[in-house]
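Notes to accompany the following structure.
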Amino acid sequence: WVDQAVWKYTDKIDKAGKRERYLAYGGDWDEQPNDGPFNNNGVVDPFRNVTAKLIEVGHVHRNLVVNNDFVLENRFGFTYADEFDGSWELVEDGVVVKSGKFQVPHLAPLSRMKLDLPKFDRKDGREYFMNVDFALKADTLWAKKGWKVARNQIAFMPEDRRCVAVKPAAPRFTQDDRTVTVVSGGTKAVFCRRSGTLCELVMNGKTILKDPVPGVVSGPQLTCMRAFTDNDIWLRGRRLEDAGNFYLTGLTQLRYHARPAKVGKDSVSFDVSVFGAKSAGFRHRTVWTFAADGALSVKNTVEPFGTMPRSLPRLGLSFKLDKDLEKMRYYGRGPRENYIDRKTASFFGVYDSTVTDQYEAYVRPQDNGYRSDVRWAAFIGSDGKGVRFSASVPMFMQALHYGVEDLEFARHRNGQQRFRTPLQRRDEVCLNLDVRQLGLGGASCGPVPMDKYMLPAGKEEWTLRIEPYSSAR
C-alpha cells in the first residue's frame, strides 16, 4: 500500500549544499534480477503523503452511497447511517451556490432509503450537481469530528451548452512567403505556412504563445504519445522487440507536413499530414475562424491511416504557452489528477491552481497531472490577462512544466539497465488539450484497461474555442 523506495546517495552536491540523494528502486544497485519500480505501486508515496490514488480508493470503498435518484445505500455491516452528520451543496456551473444540513435517516446496515433533500429551480443553460456528504459527529481515535467518511456528487441532466465556432467577423489579413497574419478585435494570430499552425498569438496585448526559434513549434499540433505509466507496460512492452510495443508503431515521434494555406474571406485552413516513422499517421484538417471580440475557433478533423496499434495512449492538441501564464482556473474534475478510469473521487468544480502544482510526483517520473471532463480552462499571467480554452466536447487537460520526453526518459523501467536523468523544469507551459484518452488500467500487476477505456484509432471531429481572458471580469 506504500511505495517502497529508499534513499540512494550520489557524489554530487545539491542546491542546498548537501550531498545529493534520490529515491531509488530495483536496478539502482545493478542487482540482477530485479523488478524495477514494481514496489512503487502503492496508494501513498514513500513519505506517506496522500495521493490522488488514495483519494480514489477511499471514495470507491465508501460505505454511504447516494445514487442519481437520491437513494442512500448503507453498506456498513453494523453501523446505522444516522451515526453520521449529513450535509449538502448545490453546485451551479462548478460553483457552490447553496448549502445546508439534513437529518440522516435511521437506516439499518445493508439497507436502502430515498433521501428527502431540498428541491430547487434550474436556470436555462446552466449545469448542476449536488454534493451529499457524511461526517463524524464526534472525535474518534482515528479522526476528528467533522471528518467526511463519504462524499457523493450527483449530476443533474445538463443543458446542451456545447461550444460552437465563433460568429465570423471580417478580420484583416496580411500575408508573406512565410506567414499569414490575422487581426480581429484585440487579437493578432500569426500562422506559419511551414508548420500549418499558429506561430504567435497575442490577445489584448498579452503574448499567449510564440515560437522561440524556427522549428520549435508552440502552436497546437496533433499528438498521441504520453510518457508511459507503470501500468502501461502492456502497451510499451518490457523489451523493444515485444509484440504490441507502441514504439514499434512509429507514432512516438511525429513529423508534420503542411499543404499550402487556404485563406478565405473570414477563415484560414490547413491540411497537415502527420507521419510516424512507419506506415501509420493522421490527416489533420483545421479551419480557423475569428470573431470581432478577439475570440477564435479551430474546427479539427482527424483521420488515421496505416497500421494502427490496438490503442492510442491519447489524442489531442499540444501547445507551448508563454511562461508568464502560470496561474490556472478551470471547470472540470479536480482538484487532484484524474484519468478516464480513475476519476469518480474527483468532483466537478471550478478550481484555482498553478501549472507548477499540477505536477503529481511519482518515484519513477511518468505521465501525470491530467484533469478529466474539463469544460473550460484559463491560463493567466501576472498582469491578470490570459487565455481561455473550451471545446465542443469535454476535454482531458494536462498542463506541466515538463514535456513527454522529459518524463519518458527520466528513469529506467523493469528490465532496463539503470539510468537517471534528473528532471529539468521548463519555463514554458506544456499544455495538452485532448479529446480522447486511454485508461490507466492495472497491468503493472493486473489487467489491462477495460474495453470501454481503450482508444482505438478512428475519425475524430471537434471544435476548440480560444478567447481572451481577464481575471478582473
Side-chain angles (χ1 to χ4, degrees), residues 1-2 42-45 47-120 127-156 330-339 341-353 357-358 360 370-373:
W1 60 275
V2 59
V43 293
V44 298
D45 70 14
F47 307 105
R48 277 50 172 184
N49 290 319
V50 172
T51 68
K53 295 178 288 185
L54 180 65
I55 295 171
E56 180 75 7
V57 170
H59 181 71
V60 170
H61 287 278
R62 71 197 187 281
N63 285 320
L64 295 170
V65 179
V66 182
N67 66 20
N68 288 342
D69 295 320
F70 293 98
V71 173
L72 170 62
E73 179 184 0
N74 182 1
R75 295 180 178 177
F76 279 106
F78 304 96
T79 304
Y80 279 79
D82 60 352
E83 293 187 26
F84 304 93
D85 286 328
S87 62
W88 60 269
E89 294 177 328
L90 178 63
V91 180
E92 180 184 273
D93 284 349
V95 178
V96 176
V97 293
K98 293 182 180 179
S99 63
K101 298 183 181 298
F102 68 94
Q103 182 65 44
V104 180
H106 187 62
L107 181 62
L110 307 179
S111 301
R112 298 183 181 189
M113 177 185 293
K114 187 160 186 175
L115 294 175
D116 184 18
L117 293 175
K119 305 297 189 294
F120 62 93
E127 185 175 33
Y128 289 92
F129 300 88
M130 182 170 279
N131 299 335
V132 182
D133 301 336
F134 300 88
L136 293 176
K137 287 185 174 182
D139 292 349
T140 68
L141 291 174
W142 54 273
K144 298 293 185 181
K145 176 183 177 180
W147 175 261
K148 293 180 180 179
V149 299
R151 302 162 53 247
N152 302 269
Q153 186 172 73
I154 296 90
F156 295 90
Y330 73 94
Y331 174 27
R333 291 186 180 271
R336 299 291 290 268
E337 75 166 15
N338 52 87
Y339 285 75
D341 58 349
R342 200 188 77 194
K343 64 181 182 179
T344 60
S346 299
F347 287 1
F348 283 93
V350 174
Y351 297 101
D352 292 297
S353 184
D357 287 343
Q358 293 290 290
E360 188 93 11
Y370 264 97
R371 303 301 191 269
S372 303
D373 298 322

Only counting residues at least two apart or in another chain, list the ones meeting side chain to side chain contact (heavy atoms under 4.5 Å, CB included) with [X].
X	value
F129	V91, E127, Q153, A155, Y331, F348
D116	K119
W142	L136, T140, W147, V149

Applying salt bridge (Lys or Arg N to Asp or Glu O under 4.0 Å), which residue pairs with at least one partner in residues 74-85 are found, sequence neighbours left out?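 Sorted result for residues 74-85: E73-R75.
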
Give every residue pair that meets the salt bridge (Lys or Arg N to Asp or Glu O under 4.0 Å) criterion with at least one member in residues 145-154, sequence neighbours excluded. D133-K148

For the residue pair Y330 and Y351, does the interplanar ring angle fall in the parallel (under 30°), tilted (30 to 60°) or perpendicular (over 60°) class?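 Y330 vs Y351 ring planes: tilted.
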
Who are the salt bridge (charged side-chain N to carboxylate O under 4.0 Å, His left out) partners of [X], not counting sequence neighbours?
X	result
E89	none
R371	none
K53	none
E92	R126

Does the side chain of S372 pick up a donor-acceptor pair with the side chain of N338 at under 3.5 Å?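 N338 and S372 do have a side-chain donor-acceptor pair below 3.5 Å.
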
Please find the pair of heavy atoms, one from [X] and one from [Y], that lie closest to each other, and give the distance.
X	Y	result
N74	L107	ND2-O, 3.1 Å
V132	I154	CG2-CD1, 3.8 Å
M113	P105	SD-CB, 3.4 Å

Which residues pass the ring-ring contact (aromatic ring centres under 6.0 Å, His included) test with [X], not counting sequence neighbours?
X	result
F78	none
H61	none
F120	Y128, F156

